[in-house]
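For clarity, every value in this text was computed on a predicted model and none was experimentally measured. Values below: all heavy atoms of this structure, side chains included; hydrogens, waters and symmetry mates excluded. Indexing begins at 1, ligand by ligand and atom by atom, following the structure's order.
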Amino acid sequence: MESIFNDVKKIMNKYDTIVLTGHKNIDLDALGACLGFYRMAHHLKKEVYIYLEDNIALKSTRRALKRLKKNNISISFIKKEQVKNLNLSKTLLIVLDLHQKNMLDYPELVDLIENKMVIDHHIKNKDVISNTKLTYINSKLSSMVEFVVYFLGYYNLSVHPVIATIMLTGMEIDTNSYNIKTSYKTYEAAAKLSLMGANNIDKQSLLQEKIEDYIERINLLKTSYMINSNMAMCIVPTDKFCNKIDLAIIAEKLLEFDKVEASFALGYTEENVVNISSRSLGRINVQKIMNKLGGGGHASEAAAEITDMELNEVKEKIIEIVNR
Ligand SMILES: [Mn+2]
């Protein structure tokens, strides 16, 4: 990976300003990676910003941002309107933890800033952001943070303990607590963050949730069932709306149970809109299954949104597809 590190740094050095962005619904892996790159950009004496709007969906991300503030760690964030005021010909956009334009909170960002670099750890999809100075997609990496830890380490840079904690939490989320996509390199990256002062108690508190939310999820999990020998399904009752994040959490949780190799969580997210979140331990390609429903994603992580079918029909359709 050393040659990539050299290339990344070389490209960063060519620009005066660096804008970092993660994917929409920014999670702690994407934010942690941005913060790590921020450190590098700062070290290279660049003007650096993290693209971020105010409407952050994930509680853990909101908490992490609050924690930065509380610890007086000053990070410059930038919003849509402000990007236009940059000297764009001297600006480099670094896209982290995604490689498709439609995964960006603000997709036009890649058109607005012509000079860009894409680094991701998800399985490569079609519609990769094009015309980049560098594209590096390595699905062997557990997380974006894992890349960034080695990148910083290669240049002997470390981050503030609060940032190390955020990064460690991001890695834990992406690996489902070191259960998936985890290699010895992942543990080593975790150890490096620990050496930088990442705090496990603070990490836990970033992930804490309301007990009511937890109980509600358990009640939903109680109703889940196997749709064949190795796939589980959980359906949110039609009398309530759910959100996509909850569906993702449920689908992920289902993978922790006996015999489950792939999982589906589905429910109405609004009137006449059914969302499905699907996860796999890795052997079953759930992207293929979601593709058949008009959705997409990655082999082990995919989703679909359906507007022309009732929840029950969607359920039947999934069962038909997987048992075909
Ligand atoms: Mn990630």
**Asked** Other hydrophobic cluster members with Leu58, side-chain heavy atoms of Ile/Leu/Val/Met/Phe/Trp/Tyr under 4.5 Å, chained?
**Response** Ile245, Ile249
**Message:** What is the name of the N/O/S atom of Asp29 that is nearest to the Mn ion (ligand 1)?
**Reply:** OD2
**Item:** Pair listing, salt bridge (charged side-chain N to carboxylate O under 4.0 Å, His left out) test, anchored in residues 73-93, at least two apart
**Value:** Asp54-Lys79
**Heteroatom test (N, O or S) for Asp27 near the Mn ion (ligand 1), limit 2.8 Å** = no
**Item:** Glu209 bridged to Arg217 by N-O distance under 4.0 Å
**Value:** yes
**Request:** Identify whether the distance between the nearest side-chain nitrogen and carboxylate oxygen of Glu320 and Arg324 falls below 4.0 Å.
**Result:** yes
**Asked** the Mn ion (ligand 1) to Asp174: any N/O/S contact under 2.8 Å?
**Response** yes
**Prompt:** Is the Mn ion (ligand 1) under 2.8 Å from any N, O or S atom of His122?
**Reply:** no
**Prompt:** Below 6.0 angstrom between ring centroids: does that apply to Phe37 and Phe151?
**Reply:** yes
**Request:** For the Mn ion (ligand 1), find the closest N/O/S atom on Asp97 and give its atom name.
**Result:** OD1
**Request:** Of all N, O or S atoms in His121, identify the one at the shortest distance from the Mn ion (ligand 1).
**Result:** NE2
